[in-house]
There are 2 protein chains.
Amino acid sequence: MTTLTKTFAALSDDTRLTLVEKLLKRGELPAGTLAAEAEISAPAISRHLKVLREAGVIVQRVEGTHRYYSVQPDALRAIHGWTMDHRAFWSGSLDRLDTLLALEPDDTPGEGTE
Amino acid sequence: MTTLTKTFAALSDDTRLTLVEKLLKRGELPAGTLAAEAEISAPAISRHLKVLREAGVIVQRVEGTHRYYSVQPDALRAIHGWTMDHRAFWSGSLDRLDTLLALEPDDTPGEGTE
DNA sequence: TCTTTATTTTCGTCAAATGTTAATTAACAG
DNA sequence: CTGTTAATTAACATTTGACGAAAATAAAGA
């Protein structure tokens, strides 16, 4: 498995995507808070956090008995980067035929540079 | 499963990500070409294509006995959109702490960070 | 030390995913 | 209608992933 497929795999579960979005919106949170807000057991959440950690999507900070989790920005950058690598295929028009034309070595109209 | 987790699930396998990247780089291709270039059997590829199709990542065009596959741009747009929704978290600074501070202008409980 | 609190690991089970080979459907040529 | 090519589906074995319950680890405090 490549780094990217591991990242996608980590985010391919609703429970885990929800955990990540909580961390994205609210910042660093302890495992206990994440477990309390979830509908499944604390051990199950702990395992999901482990999957996310091993995929490099989140990082853990230990403080006493608490484990604080937060999102690793590089993981989102990697996904963003992958979509940008293939931007010519999906950006520009909403029409698929136009996307094919966008592959021509021609500059993309309408969109300002970012 | 949400649309997004289904998309991530479809791309969470190396074989499938490779198929998608071939289609992104070379445009529409028949199942036979994709199967011939893969290291696993044609039936296995056929099922991977089905997973991608059911997740909305690729579309199929039938012409005689041939099935031509191509990437559905909306799938990549959805992923790109998700990363952009949380852009504040990973863009700007390369430092993780900066991102946390940017989201919480006040309350910073920890003192001994890392 | 003994106990409480916070979190993770282990265990047993079950559903889903993956790969192979064989069989099947579909289009087309003779 | 029979044979050939393209692609999918069927059947089967194996692996992987997810869950709850219970046990284990680790830090704090009485």
Side-chain angles (χ1 to χ4, degrees), chain A residues 1-20 22-23 26 28-71, chain B residues 1-20 22-23 26 28-71 109-114:
Chain A
M1 264 214 186
T2 66
T3 304
L4 192 58
T5 51
K6 259 185 278 213
T7 302
F8 285 145
L11 299 175
S12 70
D13 178 275
D14 282 327
T15 301
R16 287 195 294 268
L17 186 63
T18 300
L19 288 171
V20 169
K22 271 185 209 279
L23 295 174
R26 296 155 59 187
E28 195 184 56
L29 290 173
T33 300
L34 294 169
E37 294 179 4
E39 295 187 346
I40 59 179
S41 67
I45 293 297
S46 180
R47 280 194 304 267
H48 280 301
L49 290 170
K50 186 180 184 181
V51 170
L52 288 167
R53 193 170 0 111
E54 288 179 347
V57 174
I58 62 175
V59 291
Q60 188 190 56
R61 182 173 66 85
V62 178
E63 192 180 306
T65 62
H66 295 259
R67 267 77 174 171
Y68 292 93
Y69 288 96
S70 56
V71 175
Chain B
M1 263 215 185
T2 66
T3 304
L4 193 58
T5 51
K6 260 186 277 213
T7 302
F8 284 145
L11 300 175
S12 71
D13 177 274
D14 281 328
T15 301
R16 287 195 293 268
L17 186 64
T18 300
L19 289 171
V20 169
K22 271 185 208 281
L23 295 174
R26 297 155 61 188
E28 194 183 57
L29 290 172
T33 300
L34 294 168
E37 294 179 5
E39 296 187 344
I40 59 179
S41 67
I45 293 298
S46 181
R47 276 196 319 221
H48 279 301
L49 290 171
K50 185 179 184 180
V51 170
L52 289 167
R53 189 165 10 104
E54 288 179 347
V57 174
I58 62 175
V59 290
Q60 187 190 57
R61 183 173 67 83
V62 178
E63 192 180 307
T65 62
H66 295 258
R67 264 76 173 171
Y68 292 93
Y69 288 96
S70 56
V71 175
E111 44 269 324
T113 51
E114 305 205 11

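Values below: every heavy atom of this structure, side chains too, minus hydrogens, waters and symmetry copies. Just so we're on the same page: letters track the sequence lines, and every chain starts at 1.
- Between the P atom of D:dG17 and the CD atom of A:Glu54 lies a distance of 11 Å, rounded to the nearest Å.
- The distance from atom CG of B:Leu49 to atom C1' of C:dT18 is 14 Å, rounded to the nearest whole Å.
- Whole-Å rounding puts the A:Leu17 CG to D:dA18 C1' distance at 17 Å.
- In this structure, B:Tyr69 reaches the D:dT8 phosphate: one of its side-chain N or O atoms is under 4.0 Å from OP1 or OP2.
- The phosphate of C:dT8 (OP1 or OP2) has a side-chain N or O of A:Gln60 nearer than 4.0 angstrom.
- Once rounded to the nearest 0.5 Å, the distance linking CG of B:Asp14 with OG1 of A:Thr5 reads 4.0 Å.
- From A:Ser70, atom OG reaches atom CD1 of A:Ile58 across 8.0 Å, with rounding to the nearest 0.5 Å.
- Taking side-chain N and O atoms only, B:His66 has no distance below 4.0 Å to OP1 or OP2 of C:dA27.
- Taking atom CG of B:Asp14 as the reference point, atom P of C:dA17 lies 17 Å away to the nearest angstrom.
- The side chain to side chain contact (heavy atoms under 4.5 Å, CB included) test applied to A:Glu54 returns A:Lys50, not counting sequence neighbours.
- To the nearest 0.5 Å, atom NE2 of residue B:His48 and atom CG of residue B:Asp13 are 4.5 Å apart.
- Within 4.0 Å (heavy atoms only), B:Tyr68 reaches no atom of the nucleic acid at all.
- For A:Arg53 and C:dT9, the CZ to C1' distance is 12 Å, given to the nearest whole Å.
- With B:Tyr69 as the fixed residue, the side chain to side chain contact (heavy atoms under 4.5 Å, CB included) test singles out one of B:Glu28, B:Arg61, B:Gln60: B:Gln60.
- Taking atom CG of residue B:Leu19 and atom P of nucleotide C:dG19, one finds them 10 Å apart after rounding to whole Å.
- Rounded to whole Å, the distance from CD1 on B:Ile45 to P on C:dT20 is 9 Å.
- Separation of atoms CZ (B:Arg53) and CZ (B:Arg47) is listed at 13.0 Å; rounding is to 0.5 Å.
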**Complete:** Its contact letters, B for base, S for sugar-phosphate only and - for none at protein heavy atoms under 4.0 Å, make nucleotides 19-30 of chain D read BBBB----BS--

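- The phosphate of D:dT8 has neither OP1 nor OP2 within less than 4.0 Å of any side-chain N or O from B:Lys50.
- For the atom pair B:Glu37 CD and B:Thr18 OG1, the distance stands at 11.0 Å (nearest 0.5 Å).
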